[in-house]
Amino acid sequence: MSLTLPLAVACAPVAGGGDAVSSPAPDAEGALFVAGKFGNTLSKVDLASGEAVKTVDSCANPHELATSPGEKHVALACYGGQTVDIFSTADLSRVASIDLGENARPHGIVWHANGDLYATAEGRKSVFWIRDPLGEAETFEFGSGQEGTHMLAVAPDGLHAWTTNLGSRTVSLIDLKTRRAPQSVEVGEEPEGIWLSDDGDTLWVSARGSNAAFKLDPRTLEVRQRIETGNFPLRITVRPQGDYAVTSNLSDGGLSVIDTATGKVVRNIKVSGPDQAEAKTQVTILFSPNGERIYVAETMANTIAEVDFASGRVLRRLPGTGGGDGLAIIE
């Protein structure tokens, strides 16, 4: 992803922040996986020790990551090429490379509870459904007809997918079974982040050019609510408990926390702050499975900020080798 950073302005009170260093955390368990998009690497960070225990060569310009339902594998979207590559979470050995065709440039990726993979192919203006990715890996392509098909959400039943299309300024609803023509609507300026609530009732979109998040009806794509966030919200995610949505605001070096019931920003969390925003270049955000911590990729700084969600305090900064961007986690 290339972008020109706008001037950052602090518009609201913030909590937390500060430069914490990486240190052991006895209460943290599991591993964090980091795609290094500048170094073409994949790293595994032990969350208890805070150390990178393994780094391997991955593919050209890797971006988003997705963990398999059994947590034994992680899938990587190779944005600089045309494959989705699958690695073992135990030792980062590559176990499969699935070719999506010429100029695919896969970016957004979801490993569904049904065991199948779904990925955007920005260069082909399409979405791929990869059935049985660890077996026969059958691929089915669905055109979006939109420019910059970037991030992705998939319905709990696997029947529909939603994409944000940066170049066309749209969100698309794609039918994965009947192959009916996709439905697309304009949503703000440069919609990028997307997240579907666990119940499938609300589609969350962050539009980085609008400094806003949107609540959409997933079936009609009607905008239910517009929510003003911090500056340049690249990503949006929802806490596993479903109570809060969070945007990653690149130009503020912070996070906006939105009450999902009311659609109101209830607080802002300072991760690095506007004075360090360009140097850090905050991108991807990921909650721990218990929702107690949120991990924030600071791509240009090669760090991943670990933030206590309740207090907003930066607990430590973990290794983000090679320009860490895409993140995945296992317990």
Side-chain angles (χ1 to χ4, degrees), residues 1 3 63-66 75-79 82 84 98 100-101 103-112 114 116-131 139-197 200-210 212-224 233-238 245 247-248 283-285 325-326:
M1 176 186 61
L3 53 91
H63 275 247
E64 301 303 305
L65 285 166
L76 176 58
C78 298
Y79 191 52
Q82 60 189 56
V84 168
I98 303 165
L100 303 185
N103 196 37
R105 298 181 64 223
H107 188 278
I109 191 165
V110 172
W111 206 324
H112 200 276
N114 65 16
D116 293 342
L117 274 169
Y118 302 83
T120 60
E122 186 171 318
R124 297 173 67 96
K125 302 180 185 178
S126 66
V127 169
F128 275 86
W129 168 26
I130 305 169
R131 189 164 60 192
T139 59
F140 305 88
E141 186 173 10
F142 304 81
S144 70
Q146 304 292 294
E147 297 288 342
T149 301
H150 203 62
M151 298 295 289
L152 177 70
V154 180
D157 59 12
L159 297 180
H160 299 88
W162 295 262
T163 69
T164 47
N165 310 294
L166 276 164
S168 296
R169 302 184 302 170
T170 58
V171 172
S172 294
L173 167 59
I174 296 175
D175 191 313
L176 297 172
K177 297 293 180 169
T178 68
R179 289 190 175 272
R180 286 179 293 185
Q183 177 184 353
S184 300
V185 300
E186 289 192 10
V187 180
E189 294 290 333
E190 297 183 313
E192 179 167 352
I194 193 166
W195 196 271
L196 184 69
S197 61
D201 186 60
T202 303
L203 187 68
W204 293 87
V205 172
S206 61
R208 69 191 202 186
S210 297
F214 297 84
K215 292 174 70 172
L216 276 65
D217 183 314
R219 292 162 291 278
T220 66
L221 300 185
E222 178 185 359
V223 175
R224 295 171 176 166
L234 277 175
R235 296 285 190 272
I236 190 164
T237 187
V238 174
T247 61
S248 175
V283 185
T284 304
I285 50 176
D325 184 355

Tightest non-hydrogen contact, residues V187 and A207, listed as O-CB, 4.1 Å
Here the gap from W111 atom CH2 to L117 atom CG, rounded to the nearest 0.5 Å, amounts to 5.0 Å
When every non-hydrogen atom of A75 is compared with those of I109, the smallest separation belongs to CB-CD1, 3.7 Å
Examine distances only and state if a side-chain atom of T284 and a backbone atom of D325 form a donor-acceptor pair shorter than 3.5 Å. yes
- Check the angle between the aromatic planes of H63 and H107 and answer parallel, tilted or perpendicular using the 30° and 60° thresholds. tilted
Tightest non-hydrogen contact, residues S168 and Q146, listed as CB-OE1, 3.3 Å
So OG1 of T149 and NZ of K125: to nearest 0.5 Å the spacing works out to 8.5 Å
Exercise. So, the side chain of T164 versus the backbone of I194: is there a donor-acceptor pair under 3.5 Å, distance only?
Worked result: no
**Request:** Determine, stepwise, if the pair L203 / R219 fulfils side-chain contact (heavy atoms from CB on, under 4.5 Å).
**Result:** CA-CA 9 Å; L203 187 68; R219 292 162 291 278; over 6 Å; no
*Any donor-acceptor pair under 3.5 Å linking the side chain of D175 with the backbone of T178?*
yes
For Y118 and W129, take the angle between the two ring planes, folded into 0 to 90°, and tell me which bin it lands in: parallel under 30, tilted 30 to 60, perpendicular over 60. parallel
| said: In the structure I gave you, are the side-chain heavy atoms of P218 and L173 within less than 4.5 Å of one another anywhere? | reply: no
For K215, the side-chain contact (heavy atoms from CB on, under 4.5 Å) test, sequence neighbours excluded, returns T202, W204, R224, Q225, I227
Between S144 and N165, the two heavy atoms sitting closest are OG-OD1, 4.2 Å
**Asked** How far apart are the C-alpha atoms of L166 and E122, what are their side-chain angles, what is the distance that settles it, and do they pass the side-chain contact (heavy atoms from CB on, under 4.5 Å) test?
**Response** CA-CA 10 Å; L166 276 164; E122 186 171 318; 5.6 Å; no
### Query
Do the side-chain N and O atoms of T120 and T163 include a donor-acceptor pair separated by under 3.5 angstrom?
no
Those residues at least two apart in sequence (or on a different chain) that pass side chain to side chain donor-acceptor pair (under 3.5 Å) with E64 are R235
When you measure from the side chain of T170 to the backbone of S172, do you find a donor-acceptor pair of N or O atoms at a distance under 3.5 Å? no
dist I285:CD1 -> W195:CH2 (nearest 0.5 Å) comes out at 9.0 Å
- Measure the shortest side-chain to side-chain distance between H150 and Y79 over non-hydrogen atoms and say whether it is less than 4.5 angstrom. yes
Judged by atom type as modelled, is there a donor-acceptor pair below 3.5 Å linking the side chain of D217 to the main-chain atoms of E222? no
Rounded to the nearest 0.5 Å, the OG atom of S184 sits from the CG atom of L221 at a distance of 7.5 Å
In terms of heavy-atom contacts, L100 and P106 come closest through CD1-CB, 4.0 Å
Distance col, row E190:CD vs L234:CG, nearest 0.5 angstrom, shows 9.5 Å
For T247 and P233, the nearest pair of non-hydrogen atoms, with its separation, is CB-CB, 4.0 Å
Only one of E189, E192, E147 passes salt bridge (Lys or Arg N to Asp or Glu O under 4.0 Å) with R169, and that residue is E189
Distance col, row F214:CZ vs L216:CG, nearest 0.5 angstrom, shows 8.5 Å
